[in-house]
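Accompanying notes for the structure given below.
Just so it is clear: chains get the letters A, B, ... in the order the sequence lines come, proteins before strands, and each one is counted from 1. Keep in mind it's a predicted model, so treat the numbers as computed, not measured. All values below come from the heavy atoms of this structure, side chains included, with hydrogens, waters and symmetry mates left out.
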Amino acid sequence: MAAVAVGWVADAGASEADSGMVTVQRPDFVPDPCLDREAMESLQREIAAEAIFADEFDFDPAAVASSARSDAEQTELGDPATADDPATGASELPIVAGIDQAFQSSDGEPAGPGEFDEAVSAVVAMRGGEVIERVHAGSDLQIPYIPGLLSFREGESILAALAELSVEPDVLLLDGSGRIHFREAGIATHVGVTVDLPAIGVAKSLLCGTPRPDLAGFDSLDDLPAGTIVQIEADDAMETDRGTVVGAAVQTRQFDSPNRSINPLYVSPGHRVGWETAAAIALATAEEYKLPEPIRLADRWVGELTAAE
DNA sequence: GCGACAG
DNA sequence: ATCTTGTCGC
(Lines give C-alpha, C1' and ligand atoms only; values in the text may rest on other atoms or scores of the structure.)
Protein backbone atom coordinates (compact mmCIF):
# COMPACT_ATOMS: atom_id res chain seq x y z
CA MET A 1 0.00 0.00 0.00
CA ALA A 2 1.00 3.60 -0.40
CA ALA A 3 2.92 5.17 2.45
CA VAL A 4 0.70 8.24 2.52
CA ALA A 5 -2.99 8.56 1.79
CA VAL A 6 -3.39 10.88 -1.15
CA GLY A 7 -6.21 13.32 -1.79
CA TRP A 8 -6.61 15.07 1.52
CA VAL A 9 -3.93 15.12 4.15
CA ALA A 10 -2.68 17.59 6.67
CA ASP A 11 -0.42 17.50 9.66
CA ALA A 12 0.49 19.40 12.78
CA GLY A 13 0.16 23.00 13.82
CA ALA A 14 -3.15 23.85 12.31
CA SER A 15 -6.70 23.28 13.28
CA GLU A 16 -9.10 23.21 10.37
CA ALA A 17 -10.86 26.34 11.53
CA ASP A 18 -7.94 28.68 11.01
CA SER A 19 -6.58 27.21 7.79
CA GLY A 20 -6.85 28.76 4.39
CA MET A 21 -4.37 31.61 4.56
CA VAL A 22 -3.02 30.71 1.14
CA THR A 23 -5.76 30.80 -1.45
CA VAL A 24 -5.93 30.71 -5.22
CA GLN A 25 -6.14 34.25 -6.56
CA ARG A 26 -6.15 33.24 -10.21
CA PRO A 27 -8.45 30.23 -10.75
CA ASP A 28 -7.82 30.60 -14.47
CA PHE A 29 -4.15 29.80 -13.88
CA VAL A 30 -4.58 26.66 -11.77
CA PRO A 31 -2.50 24.02 -13.57
CA ASP A 32 -4.73 21.62 -15.49
CA PRO A 33 -2.87 18.45 -16.53
CA CYS A 34 -5.62 17.63 -19.02
CA LEU A 35 -4.72 20.52 -21.30
CA ASP A 36 -2.85 19.70 -24.48
CA ARG A 37 0.69 20.87 -24.91
CA GLU A 38 -0.21 23.94 -26.92
CA ALA A 39 -2.74 25.07 -24.32
CA MET A 40 -0.19 24.58 -21.54
CA GLU A 41 2.39 26.64 -23.33
CA SER A 42 -0.01 29.45 -24.12
CA LEU A 43 -1.17 29.49 -20.49
CA GLN A 44 2.46 29.81 -19.46
CA ARG A 45 2.84 32.89 -21.65
CA GLU A 46 -0.19 34.43 -19.95
CA ILE A 47 1.23 33.64 -16.54
CA ALA A 48 4.62 35.11 -17.41
CA ALA A 49 2.89 38.29 -18.54
CA GLU A 50 1.25 38.58 -15.11
CA ALA A 51 4.40 37.68 -13.16
CA ILE A 52 6.35 40.43 -11.46
CA PHE A 53 10.09 39.82 -11.61
CA ALA A 54 10.94 42.62 -9.21
CA ASP A 55 10.73 43.09 -5.45
CA GLU A 56 7.16 43.71 -4.46
CA PHE A 57 6.62 42.69 -0.86
CA ASP A 58 6.54 44.34 2.55
CA PHE A 59 8.86 42.19 4.64
CA ASP A 60 12.53 42.87 5.28
CA PRO A 61 14.58 40.40 3.21
CA ALA A 62 17.54 41.00 5.51
CA ALA A 63 15.49 39.56 8.38
CA VAL A 64 15.24 36.15 6.70
CA ALA A 65 17.28 33.64 8.67
CA SER A 66 18.30 30.02 8.29
CA SER A 67 18.90 29.42 11.98
CA ALA A 68 17.43 30.82 15.15
CA ARG A 69 18.84 34.25 15.78
CA SER A 70 20.73 35.17 18.90
CA ASP A 71 19.44 38.00 21.05
CA ALA A 72 22.35 40.11 19.85
CA GLU A 73 21.44 39.57 16.22
CA GLN A 74 17.83 40.38 16.93
CA THR A 75 18.83 43.62 18.57
CA GLU A 76 20.87 44.53 15.54
CA LEU A 77 17.79 44.17 13.40
CA GLY A 78 15.89 46.46 15.68
CA ASP A 79 13.57 45.48 18.46
CA PRO A 80 10.28 46.66 16.96
CA ALA A 81 10.83 44.42 13.96
CA THR A 82 11.51 41.31 15.98
CA ALA A 83 9.28 41.65 19.01
CA ASP A 84 6.16 39.52 19.10
CA ASP A 85 3.00 41.47 18.73
CA PRO A 86 1.09 41.05 22.01
CA ALA A 87 -2.22 41.54 20.25
CA THR A 88 -1.84 39.07 17.41
CA GLY A 89 0.94 36.94 18.81
CA ALA A 90 2.63 37.22 15.45
CA SER A 91 6.26 38.09 15.00
CA GLU A 92 7.22 40.46 12.25
CA LEU A 93 10.03 38.23 11.14
CA PRO A 94 9.20 37.02 7.66
CA ILE A 95 7.78 33.54 7.17
CA VAL A 96 9.61 31.49 4.56
CA ALA A 97 7.94 28.34 3.26
CA GLY A 98 9.89 25.58 1.53
CA ILE A 99 8.05 23.16 -0.76
CA ASP A 100 9.13 19.80 -2.14
CA GLN A 101 7.61 16.71 -3.72
CA ALA A 102 8.14 12.99 -3.56
CA PHE A 103 6.42 10.20 -5.46
CA GLN A 104 4.90 6.87 -4.71
CA SER A 105 2.81 4.18 -6.34
CA SER A 106 -0.68 3.57 -5.01
CA ASP A 107 -0.17 -0.19 -5.04
CA GLY A 108 2.75 0.25 -2.68
CA GLU A 109 5.05 -1.82 -4.84
CA PRO A 110 8.61 -0.57 -5.35
CA ALA A 111 7.95 0.90 -8.78
CA GLY A 112 10.81 1.69 -11.08
CA PRO A 113 11.76 5.14 -12.31
CA GLY A 114 8.86 6.95 -13.94
CA GLU A 115 6.29 4.43 -12.77
CA PHE A 116 4.77 6.39 -9.91
CA ASP A 117 1.17 7.52 -9.98
CA GLU A 118 0.92 9.76 -6.94
CA ALA A 119 2.69 12.96 -5.90
CA VAL A 120 3.00 14.13 -2.31
CA SER A 121 3.92 17.74 -1.54
CA ALA A 122 5.26 18.96 1.77
CA VAL A 123 5.41 22.56 2.96
CA VAL A 124 7.66 23.59 5.83
CA ALA A 125 7.09 27.12 7.11
CA MET A 126 9.91 28.76 9.05
CA ARG A 127 10.31 32.06 10.88
CA GLY A 128 13.50 33.25 12.50
CA GLY A 129 15.14 29.93 11.73
CA GLU A 130 12.48 27.85 13.44
CA VAL A 131 9.79 25.62 12.00
CA ILE A 132 6.39 27.09 12.84
CA GLU A 133 4.19 24.78 10.75
CA ARG A 134 4.34 21.93 8.29
CA VAL A 135 1.63 20.43 6.13
CA HIS A 136 1.37 18.00 3.28
CA ALA A 137 -1.08 16.81 0.65
CA GLY A 138 -1.05 14.58 -2.37
CA SER A 139 -2.61 14.11 -5.76
CA ASP A 140 -2.77 11.56 -8.54
CA LEU A 141 -0.27 12.14 -11.31
CA GLN A 142 -1.96 12.76 -14.65
CA ILE A 143 0.99 13.35 -16.95
CA PRO A 144 4.64 12.31 -17.14
CA TYR A 145 7.53 14.65 -16.53
CA ILE A 146 8.04 16.89 -19.54
CA PRO A 147 10.82 19.50 -19.44
CA GLY A 148 9.16 22.90 -19.41
CA LEU A 149 5.79 21.59 -18.22
CA LEU A 150 6.69 20.49 -14.70
CA SER A 151 4.06 22.62 -12.99
CA PHE A 152 1.27 20.79 -14.79
CA ARG A 153 2.51 17.54 -13.26
CA GLU A 154 3.19 18.72 -9.71
CA GLY A 155 1.14 21.90 -9.34
CA GLU A 156 -2.08 20.28 -8.14
CA SER A 157 -0.32 18.62 -5.26
CA ILE A 158 1.50 21.81 -4.29
CA LEU A 159 -1.66 23.94 -4.26
CA ALA A 160 -3.45 21.30 -2.18
CA ALA A 161 -0.67 21.39 0.41
CA LEU A 162 -0.52 25.19 0.49
CA ALA A 163 -4.25 25.29 1.14
CA GLU A 164 -3.65 23.45 4.41
CA LEU A 165 -1.41 26.16 5.84
CA SER A 166 -2.78 28.19 8.73
CA VAL A 167 -0.16 30.89 8.27
CA GLU A 168 0.49 33.05 5.24
CA PRO A 169 4.12 32.80 4.12
CA ASP A 170 5.89 35.99 3.12
CA VAL A 171 7.75 34.07 0.45
CA LEU A 172 7.65 30.58 -1.09
CA LEU A 173 10.75 28.57 -1.98
CA LEU A 174 10.07 25.92 -4.61
CA ASP A 175 12.12 23.07 -5.98
CA GLY A 176 12.66 23.96 -9.63
CA SER A 177 12.88 27.01 -11.82
CA GLY A 178 10.97 30.26 -11.92
CA ARG A 179 11.96 32.73 -14.60
CA ILE A 180 14.72 30.42 -15.79
CA HIS A 181 12.31 28.75 -18.16
CA PHE A 182 11.64 28.70 -21.92
CA ARG A 183 8.59 30.91 -21.45
CA GLU A 184 9.60 32.49 -18.11
CA ALA A 185 6.94 30.42 -16.39
CA GLY A 186 8.61 27.68 -14.39
CA ILE A 187 6.90 26.00 -11.47
CA ALA A 188 7.82 28.81 -9.05
CA THR A 189 6.29 31.38 -11.35
CA HIS A 190 3.17 29.30 -11.97
CA VAL A 191 2.51 28.68 -8.28
CA GLY A 192 3.52 32.17 -7.16
CA VAL A 193 1.27 33.97 -9.63
CA THR A 194 -1.65 31.60 -9.00
CA VAL A 195 -1.70 32.28 -5.25
CA ASP A 196 -0.18 35.76 -5.67
CA LEU A 197 2.60 35.31 -3.15
CA PRO A 198 6.28 36.14 -3.56
CA ALA A 199 7.95 32.97 -4.86
CA ILE A 200 11.48 31.86 -5.69
CA GLY A 201 12.62 28.91 -7.80
CA VAL A 202 15.59 26.91 -6.49
CA ALA A 203 16.87 24.34 -8.98
CA LYS A 204 19.78 21.93 -8.65
CA SER A 205 20.52 22.03 -12.36
CA LEU A 206 20.05 24.48 -15.19
CA LEU A 207 17.02 24.12 -17.46
CA CYS A 208 18.00 26.82 -19.93
CA GLY A 209 19.84 30.10 -20.06
CA THR A 210 23.57 30.59 -19.79
CA PRO A 211 25.89 31.82 -17.05
CA ARG A 212 27.36 35.22 -17.67
CA PRO A 213 30.85 34.51 -19.01
CA ASP A 214 32.63 37.30 -17.22
CA LEU A 215 33.37 36.24 -13.62
CA ALA A 216 36.45 36.24 -11.37
CA GLY A 217 38.63 33.90 -13.37
CA PHE A 218 37.27 30.63 -12.05
CA ASP A 219 37.37 27.69 -14.44
CA SER A 220 33.91 26.46 -13.69
CA LEU A 221 30.78 27.44 -11.82
CA ASP A 222 31.49 24.42 -9.67
CA ASP A 223 34.64 26.06 -8.35
CA LEU A 224 33.02 29.23 -7.12
CA PRO A 225 33.55 29.94 -3.43
CA ALA A 226 30.59 29.99 -1.05
CA GLY A 227 28.62 33.19 -1.29
CA THR A 228 29.33 33.74 -4.98
CA ILE A 229 26.50 34.78 -7.26
CA VAL A 230 26.75 34.61 -11.06
CA GLN A 231 24.02 35.99 -13.28
CA ILE A 232 22.17 33.71 -15.67
CA GLU A 233 20.99 35.32 -18.87
CA ALA A 234 18.42 34.27 -21.43
CA ASP A 235 19.74 32.32 -24.39
CA ASP A 236 18.30 31.28 -27.74
CA ALA A 237 16.35 28.41 -26.19
CA MET A 238 14.15 30.99 -24.50
CA GLU A 239 11.49 33.26 -25.90
CA THR A 240 12.88 36.05 -23.75
CA ASP A 241 15.19 38.67 -25.21
CA ARG A 242 18.68 37.25 -25.32
CA GLY A 243 20.87 38.61 -22.54
CA THR A 244 18.04 39.37 -20.12
CA VAL A 245 19.11 38.39 -16.59
CA VAL A 246 16.62 35.69 -15.62
CA GLY A 247 18.27 34.33 -12.50
CA ALA A 248 21.55 33.45 -10.86
CA ALA A 249 23.87 30.59 -10.06
CA VAL A 250 24.32 30.71 -6.29
CA GLN A 251 27.07 28.89 -4.43
CA THR A 252 25.73 28.36 -0.95
CA ARG A 253 28.46 25.90 0.07
CA GLN A 254 31.91 24.92 -1.06
CA PHE A 255 34.56 22.39 -0.03
CA ASP A 256 37.65 23.66 1.74
CA SER A 257 40.06 21.92 -0.56
CA PRO A 258 40.29 22.45 -4.33
CA ASN A 259 40.21 18.69 -4.89
CA ARG A 260 36.48 18.33 -5.08
CA SER A 261 33.89 20.96 -5.80
CA ILE A 262 30.17 21.57 -5.40
CA ASN A 263 27.87 22.67 -8.16
CA PRO A 264 25.79 25.78 -7.49
CA LEU A 265 22.05 26.19 -7.12
CA TYR A 266 20.19 27.93 -9.92
CA VAL A 267 17.92 30.50 -8.36
CA SER A 268 15.33 32.49 -10.23
CA PRO A 269 12.44 34.83 -9.50
CA GLY A 270 9.04 33.18 -9.44
CA HIS A 271 6.83 36.14 -8.62
CA ARG A 272 7.20 39.50 -6.87
CA VAL A 273 10.96 39.20 -6.38
CA GLY A 274 13.90 40.34 -8.45
CA TRP A 275 16.83 38.03 -9.14
CA GLU A 276 19.11 39.83 -6.68
CA THR A 277 16.72 39.36 -3.78
CA ALA A 278 15.94 35.80 -4.84
CA ALA A 279 19.65 34.98 -4.74
CA ALA A 280 20.13 36.78 -1.41
CA ILE A 281 17.27 34.88 0.23
CA ALA A 282 18.53 31.54 -1.08
CA LEU A 283 21.96 32.34 0.30
CA ALA A 284 20.64 33.56 3.64
CA THR A 285 18.53 30.45 4.22
CA ALA A 286 21.31 28.01 3.31
CA GLU A 287 23.89 28.51 6.00
CA GLU A 288 24.27 24.94 7.19
CA TYR A 289 23.65 22.93 4.02
CA LYS A 290 23.64 23.47 0.31
CA LEU A 291 19.86 23.67 0.06
CA PRO A 292 17.86 26.46 1.72
CA GLU A 293 16.72 25.06 5.07
CA PRO A 294 12.95 25.22 4.43
CA ILE A 295 13.35 23.24 1.21
CA ARG A 296 15.79 20.82 2.78
CA LEU A 297 13.41 20.07 5.64
CA ALA A 298 10.46 19.69 3.26
CA ASP A 299 12.54 17.31 1.15
CA ARG A 300 13.56 15.25 4.15
CA TRP A 301 10.06 15.11 5.61
CA VAL A 302 8.27 14.23 2.39
CA GLY A 303 10.83 11.48 1.91
CA GLU A 304 9.90 10.05 5.30
CA LEU A 305 6.21 10.34 4.48
CA THR A 306 6.51 8.40 1.24
CA ALA A 307 9.05 5.85 2.44
CA ALA A 308 7.83 2.26 2.26
CA GLU A 309 6.89 0.87 5.64
C1' DG B 1 18.02 16.39 -38.90
C1' DC B 2 20.65 18.01 -34.54
C1' DG B 3 20.65 19.49 -29.89
C1' DA B 4 18.65 19.83 -25.27
C1' DC B 5 15.94 19.70 -21.34
C1' DA B 6 13.82 21.75 -13.64
C1' DG B 7 11.64 17.34 -11.16
C1' DA C 1 12.05 12.41 -9.26
C1' DT C 2 13.52 7.12 -8.01
C1' DC C 3 16.31 2.50 -7.55
C1' DT C 4 21.00 1.80 -4.12
C1' DT C 5 26.75 0.29 -1.47
C1' DG C 6 30.46 1.49 -1.11
C1' DT C 7 33.96 4.73 -1.38
C1' DC C 8 37.07 8.64 -1.73
C1' DG C 9 38.83 12.62 0.93
C1' DC C 10 38.99 16.04 4.67
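We find that CD1 of A:Ile143 is positioned 18 Å from P of C:dA1, with the value rounded to whole Å. Taking atom CG on A:Leu291 and atom C1' on B:dG7, their separation rounds to 13 Å, with Å as the unit. In this entry the distance linking CD1 of A:Ile158 with P of B:dG7 reads 12 Å, nearest Å. The separation between A:Leu206 atom CG and B:dA6 atom C1' is 9 Å, rounded to whole Å. Atom pair A:Asp236:CG and B:dC2:C1' shows a separation of 15 Å (rounding to whole Å applied). Atom CD of A:Gln44 and atom C1' of B:dC5 are 13 Å apart (whole Å). Separating the CD atom of A:Gln101 from the P atom of C:dA1 is a distance of 10 Å, rounded to the nearest angstrom. Rounded to a whole Å, the CZ atom of A:Phe116 is 8 Å from the C1' atom of C:dA1.
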- Which dot-bracket notation, 5' to 3', represents the base pairing of DNA chain B when pairs are defined as Watson-Crick or G-U with both distances under 3.5 Å, crossing pairs as [ ], and inter-strand pairs as |? .......
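The 12-atom threshold is not exceeded at CG of A:Asp256, counting heavy atoms of other residues, nucleotides or ligands nearer than 6.0 Å. Within a 6.0 Å radius of OH in A:Tyr289, no more than 12 heavy atoms belonging to other residues, nucleotides or ligands are found.
Contact check, A:Ser205 against B:dG7: a side-chain N or O comes under 4.0 Å of OP1 or OP2. Residue A:Tyr145 has a polar side-chain atom (N or O) positioned under 4.0 Å from OP1 or OP2 of B:dA6. Residue A:Lys204 places at least one side-chain N or O under 4.0 Å from the OP1 or OP2 atom of B:dG7.
Between the side chains of A:Ser166 and A:Glu133, a donor-acceptor pair is found at a separation under 3.5 Å. Counting only N and O atoms by type, the side chains of A:Thr306 and A:Gln104 include no donor and acceptor under 3.5 Å apart.
The side chain of A:Leu150 approaches B:dG7 more closely than any other nucleotide in the set C:dT2, C:dG9, B:dG7. The side chain of A:Phe182 lies closest to B:dC5 when the candidates are B:dA6, B:dC5, C:dC8.
Across all strands shown, A:Ala102 has heavy atoms under 4.0 Å from sugar-phosphate atoms exclusively, and none from any base. Within 4.0 Å (heavy atoms only), A:Gly201 reaches no atom of the nucleic acid at all. The residue A:Asp175 sits close only to the backbone: its heavy atoms come under 4.0 Å of sugar-phosphate atoms, none of a base. Residue contacts for A:Tyr266: at a heavy-atom cut-off of 4.0 Å it reaches no nucleic acid atom on any strand shown. Base contact: A:Leu149 has a heavy atom under 4.0 Å from a base atom.
Not one N or O on the side chain of A:Asp100 forms a donor-acceptor pair closer than 3.5 Å with the backbone of A:Ala298. Formation of a donor-acceptor pair under 3.5 Å by the A:Gln25 side chain with backbone atoms of A:Leu197 is not found in this model.
Of the two residues contacting DNA chain C, namely A:Asp100 and A:Arg260, the nearest-nucleotide position lying further toward the 5' end is that of A:Asp100. Of the two residues contacting DNA chain C, namely A:Phe103 and A:Asp256, the nearest-nucleotide position lying further toward the 5' end is that of A:Phe103.
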- Task: Could you walk me through whether A:Glu50 and A:Arg26 pass the salt bridge (charged side-chain N to carboxylate O under 4.0 Å, His left out) test, one step at a time?
- Result: CA-CA 10 Å; A:Glu50 297 291 315; A:Arg26 294 298 303 256; 3.4 Å; yes
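Across all their heavy atoms, A:Phe53 and A:Ala48 have their closest contact at CE1-O, 4.3 Å.
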